[in-house]
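We use all heavy atoms of the structure for the numbers below, so side chains are in, but hydrogens, waters and symmetry mates are not. Here is the naming used below: chain letters follow the sequence lines, and residue numbers restart at 1 for every chain.
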Amino acid sequence: MAIYVNQETKVVVSGLTGREGRFHALRNRAYGTQVVAGVTPGKGGQDVEGIPVFNSVREAVDETGANTSLVFVPPPFAADACLEAADAGVDLVVCITEGIPARDEAEVYAYLQQTGVEMIGPNCPGVISPGKCNIGIMPAEICKEGSIGLVSRSGTLTYQVVHELTQHGLGQSTCVGIGGDPVIGQYHIDVLRKFEDDPETTAVVMIGEIGGDEEERAAEFIKTMTKPVVGYVAGFEAPAGKKMGHAGAIISGSKGTAAAKAEALEAAGAKVGRNPTEVGQLMANLVQG
Amino acid sequence: MAIYVNQETKVVVSGLTGREGRFHALRNRAYGTQVVAGVTPGKGGQDVEGIPVFNSVREAVDETGANTSLVFVPPPFAADACLEAADAGVDLVVCITEGIPARDEAEVYAYLQQTGVEMIGPNCPGVISPGKCNIGIMPAEICKEGSIGLVSRSGTLTYQVVHELTQHGLGQSTCVGIGGDPVIGQYHIDVLRKFEDDPETTAVVMIGEIGGDEEERAAEFIKTMTKPVVGYVAGFEAPAGKKMGHAGAIISGSKGTAAAKAEALEAAGAKVGRNPTEVGQLMANLVQG
Amino acid sequence: MDLLEYQGKQLLGSVGVPTPAGEAAETSDEAEAAATRIGCPVAVKAQVQVGGRGKAGGIKVAQTPAQARAAAEAIIGMDIKGHHVHRVWLEPAADIASEYYASFTLDRSAKKYLGMVSAEGGVEIETVAAESPEKIALVHIDPLLGLRNFHVRRLLFGGGIPKEQHKPMANVLTKLYQAFVELDAELVEVNPLVVTASGEIVALDAKVSLDDNAEYRHKETFTAFHEIFATDPQEKIAKEKGLNYVKLQGNVGIIGNGAGLVMSTLDVVAQAGGKAANFLDVGGGANAELMANALELVSGDPQVKSIFVNIFGGITRGELVAQGIVDALKSVDIRQPIVVRLDGTNAEEGRRILADNPNENLHSSPTMLDAANMAVQLGA
Amino acid sequence: MDLLEYQGKQLLGSVGVPTPAGEAAETSDEAEAAATRIGCPVAVKAQVQVGGRGKAGGIKVAQTPAQARAAAEAIIGMDIKGHHVHRVWLEPAADIASEYYASFTLDRSAKKYLGMVSAEGGVEIETVAAESPEKIALVHIDPLLGLRNFHVRRLLFGGGIPKEQHKPMANVLTKLYQAFVELDAELVEVNPLVVTASGEIVALDAKVSLDDNAEYRHKETFTAFHEIFATDPQEKIAKEKGLNYVKLQGNVGIIGNGAGLVMSTLDVVAQAGGKAANFLDVGGGANAELMANALELVSGDPQVKSIFVNIFGGITRGELVAQGIVDALKSVDIRQPIVVRLDGTNAEEGRRILADNPNENLHSSPTMLDAANMAVQLGA
């Protein structure tokens with residue numbers, strides 16, 4: 001099982017012939033991920049170390065049976081690549097690209113919702129189900145196959161926590177980097193729902209950050225979960241986030257501070273670590289003790 | 001049960017204060033339909049023979065628990081009324097208005113699909129579950145409660161066939177006028193699916209017309225149905241429909257003629273009547289013999 | 001409304017699609033003068049709302065204004081698939097390097113817009129579709145999302161357009177789509193969309209159909225183009241009176257309410273051995289005046305030998321229909337026998353009105369089939 | 001990018017939102033001259049990227065140019081919530097009949113745009129929201145559907161706007177929405193949106209935030225407005241070098257990769273009893289040059305007593321980070337002790353490079369917590 005990606009995942013990489021796309025797609029393939037196609041308009045017919053390149057995602061899907069899109073194209077073209085992937089009928093779009101305008105993201109989300117396609121990101125490190133499939137830029141070597149689910153807005157902080165877990169011998173079912181942009185395909189709560197339903201996941205680490213009210217909304221769901229959750233929130237000392245004007249405060253109904261978020265998680269029954277090391281320790285206590 | 005509308009249906013009428021809206025909404029109420037609200041911007045606070053009028057559908061839904069929208073507003077404002085109803089969270093929009101531009105219809109459909117709201121029409125007579133609920137302009141007095149489902153593009157032709165059924169003593173579970181416009185919310189096949197799943201429906205009458213390929217697509221589904229279907233297609237002698245240019249012929253892959261449609265229905269196992277009277281007779285034979 | 005070639009090109013040109021400049025002419029004099037102004041060689045093209053002009057001899061290239069005059073003389077007045085040629089369009093004869101096909105339309109089944117592009121332009125697209133469907137790119141476009149770059153790329157790559165043409169073609173496709181949406185078109189089709197020897201892209205032909213329901217958003221366009229079309233005089237009267245009327249070839253006049261029921265009525269008349277003289281739908285909510293107008297119109301057709309009025313009341317109320325018939329019989333000199341079949345809302349009241357106003361030409365029948373039989377016999 | 005009031009008004013004005021004409025001034029001379037040109041009474045308003053100007057004394061009405069000069073003298077140079085006032089905006093003092101509130105923004109939770117309207121304008125909208133939330137209309141707008149008439153009606157009726165203002169207000173709302181979308185704004189807020197005594201609608205204040213990610217679509221706007229903002233000199237250098245840097249108040253310099261990890265590093269430093277001097281994210285894929293630049297920047301801050309480099313390699317490769325540190329130590333005169341913690345991609349290779357280039361100021365630590373403790377102790 002695992003969530004989002006597994007051994008059945010067949011990836012088409014938009015931007016495969018670019019520097020980053022090529023580097024990470026080949027790394028993903030080396031990990032065992034089925035990277036079956038690439039898309040670069042005008043380069044159809046070429047290949048990247050044996051991975052065939054197509055002019056459109058539709059063509060790639062038709063020819064290779066790809067069911068998941070991995071997007072590495074630059075910001076001005078990334079939204080179009082996500083829309084194209086959804087239109088081509090993949091089940092999941094993982095968008096790594098950083099710097100996409102929020103309007104594009106909002107439009108992409110609306111279209112994906114309509115077509116029933118799920119999205120992770122944009123501006124995210126990707127998703128890995130250790131031992132099964134790695135999509136994106138996460139360093140797989142720090143992961144270990146196991147039963148802890150992990151969801152985080154941030155990339156390197158995810159690595160740090162995964163590292164702590166692995167050092168305690170705690171493997172992961174799936175690690176999901178959801179990204180930190182204004183409109184992302186999956187929020188903490190969406191991923192938590194999937195972990196709750198995933199028979200391979202026994203406990204969950206949720207990593208939050210200052211800003212927005214997603215952690216608070218996730219906390220509401222954690223109250224109803226049967227699986228234990230260890231939380232971590234970064235940003236107690238961080239400079240105040242970008243001001244969204246008066247409108248923002250009204251929408252979120254949250255102060256958006258790290259303290260408020262940590263408090264909400266604890267009130268929902270999650271153990272909350274003060275730093276990544278403590279998160280590893282708390283999870284070890286939970287699972288092993 | 002019945003499909004689309006039943007005793008639980010609570011109707012909010014957009015355009016209640018207009019001549020047509022008022023006339024038919026009151027007729028629907030007299031039949032026993034729960035007509036709980038009307039909407040006319042600027043007339044909020046008024047009432048039409050006891051039916052409260054609101055400025056927006058959202059307000060009407062919030063105040064009265066309406067779950068179904070009936071749209072009677074003129075063509076330039078009808079699409080907006082349908083969008084508003086979907087946005088307000090009703091489950092079903094029945095749009096009677098004739099003459100809505102196809103572009104508006106296409107946009108409405110796309111938004112309704114996204115919001116998960118079903119639509120009947122536009123340019124349709126409405127839907128009736130005899131003895132339970134009547135929404136739209138169908139003359140309820142010709143109907144009779146029973147177990148025959150009926151779906152048709154056309155209004156008066158529906159009345160004719162219902163009349164024939166009733167004269168044979170064959171009551172109807174639900175009669176659905178889907179409308180004849182380029183983009184309609186429910187096609188024959190959508191309605192047939194619901195009849196197939198409806199425990200109160202034992203047999204189905206499907207009335208088609210020349211043009212398009214909906215009847216042919218419905219025929220494909222009829223092959224898989226467990227309930228008997230009697231078909232009728234109007235337009236053997238009709239003047240050739242409006243030309244859609246070369247593009248249309250390619251899309252539909254159908255000649256669009258009445259003969260081709262009747263043939264497809266027969267090939268799918270449906271009995272096909274040559275005229276409305278024969279349809280009644282065929283159904284009587286099926287059900288009673 | 002199906003536009004003539006040159007009308008369509010004018011509209012496409014107005015949103016920036018490159019089209020050849022030219023002139024319309026209704027006489028050979030006008031054609032010769034136009035050819036002189038435009039400069040030869042010119043193409044002289046019949047303007048009819050139907051395809052297959054070329055094969056029917058409706059398009060000629062003239063090397064001199066005199067030849068253009070001769071071509072116009074030959075073409076104006078032609079009958080192409082039942083369409084009378086009233087005018088020709090003259091434009092510079094193009095030096096064609098390659099011919100493509102491009103269109104946008106609404107796909108009713110998918111409930112989305114559909115773009116089509118093929119490098120196999122200049123021939124009938126149905127032929128391409130039948131013989132080598134892989135040479136046509138078909139791309140659905142969500143109406144709210146609109147045409148995006150990925151749609152355009154799929155059309156260009158899928159349609160086999162050469163790479164060096166992608167950039168200008170993308171521009172033309174974007175404008176065609178814009179025209180399709182902004183004009184409320186049912187169809188915008190350019191075939192051929194040519195690349196000239198000098199590398200320019202030009203829409204050499206255009207088929208544009210506008211959505212009649214959107215007339216209120218495009219008053220000027222509809223007004224400008226409507227007057228062009230010569231209509232059957234009876235169809236013109238019908239339109240003015242709000243009646244949906246189409247002339248047919250039989251002798252039983254038909255009046256009914258609702259397109260479906262009227263179509264069914266035509267069929268039943270045929271089954272009874274007759275042939276309908278027309279299709280006439282009085283629509284929903286017909287009143288006495290509308291009924292009287294309908295009777296006047298149908299009885300005025302010299303081919304009509306009997307009239308079948310088939311009404312199933314819903315919004316339409318039987319007593320008003322009956323009153324309209326009675327009124328018409330008083331004010332209009334109707335010589336044909338009329339068979340009336342009334343059902344639905346207030347039908348009994350209507351039948352009573354008819355019974356109270358006996359007329360030797362007026363017959364009633366309780367069922368649609370019986371009424372059809374009677375009308376056919378009376379018209380025989 | 002948060003725009004100043006007058007910049008926001010200029011942008012809104014460019015799409016047709018009615019805004020008062022006025023002038024900016026950076027000196028009292030300029031203000032007096034501007035007041036003379038505009039005509040008194042004029043409002044003299046501090047231009048700062050923060051709310052609450054009025055209460056802080058940043059808005060004054062002047063009856064004469066001399067009063068305007070005095071007002072400008074008082075306001076320019078003020079500090080409003082930590083924002084230095086560099087310039088004022090002068091515009092005709094409005095004769096206000098009523099004050100409304102209107103805004104469009106993105107609701108991250110709903111993943112839709114959000115329109116807000118209230119007849120309770122002119123006061124802080126948070127106050128209205130807290131005390132009488134029913135007086136604010138909140139309407140979500142699907143980004144692909146866009147603002148439709150029904151949304152506008154819900155905003156007007158729900159916000160309690162008087163009926164006689166519906167038509168002009170609908171027009172203003174449509175334009176505000178257009179501005180919000182076309183400018184790629186994160187927020188377009190007008191408070192108050194006033195109706196003057198003569199019945200005109202005018203946007204009297206405006207708060208507009210633009211999406212930095214969309215800068216490539218609005219080069220001119222960003223260029224025009226960027227130069228206005230005085231930035232911390234170190235933040236300016238950071239921006240030029242592609243480093244995400246924010247100055248803080250502590251003495252432990254922080255360099256890390258990824259915003260989340262850097263935030264976590266600040267927290268861990270605090271837990272170790274220290275205080276970060278800055279936030280610096282070198283981002284993904286940091287190379288040797290970027291690392292050297294980062295070290296140069298942080299070490300150049302006189303407040304910094306020790307530096308904590310916390311890298312967890314993903315895209316970022318450990319050996320390049322190490323090489324950058326070694327390079328920086330050679331080329332830049334760094335006096336502070338540096339604690340490096342390297343993990344992830346090619347971390348071992350990186351650690352080897354550091355070990356091969358010993359420097360008395362360079363310390364390594366295997367874990368984030370130990371490294372934080374060491375950096376705090378070294379900086380004490």
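- Heavy-atom distances place the side chain of D:Lys275, and not its backbone, under 4.5 Å from chain A.
- Only the side chain of A:Glu141 comes within less than 4.5 Å of a heavy atom of chain D; its backbone N, CA, C and O stay farther away.
- Most heavy-atom pairs under 4.5 Å with chain D, from the set A:Gln114, A:Arg274, A:Glu105: that is A:Arg274.
- Residues satisfying the side chain to side chain donor-acceptor pair (under 3.5 Å) criterion with A:Arg103, sequence neighbours excluded, are D:Asp184.
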Requested in this report: Check step by step if side chain to side chain contact (heavy atoms under 4.5 Å, CB included) holds for A:Met206 and A:Leu265.
Outcome: CA-CA 9 Å; A:Met206 169 180 150; A:Leu265 289 173; 3.9 Å; yes
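- Interface remark: A:Ile207 contributes no atoms to any contact with chain D (heavy atom separation under 4.5 Å).
- Of the two parts of A:Thr156, the backbone and the side chain both hold a non-hydrogen atom closer than 4.5 Å to a non-hydrogen atom of chain D.
- With a threshold of 4.5 angstrom between heavy atoms, D:Val181 approaches chain A through its backbone and through its side chain.
- For A:Glu164, the side chain to side chain donor-acceptor pair (under 3.5 Å) test picks out A:Gln160, A:Thr277, with sequence neighbours left out.
- At a 4.5 Å heavy-atom cutoff, A:Glu98 makes no contact with chain D through either its backbone or its side chain.
- Interface remark: D:Phe312 contributes backbone and side-chain atoms alike to the contact with chain A (heavy atom separation under 4.5 Å).
- A centroid separation of 6.0 Å or more is found between the aromatic rings of D:Tyr113 and D:His140.
- Note that the CD atom of A:Glu209 and the CE atom of D:Met263 stand 3.5 Å from one another [nearest 0.5 Å].
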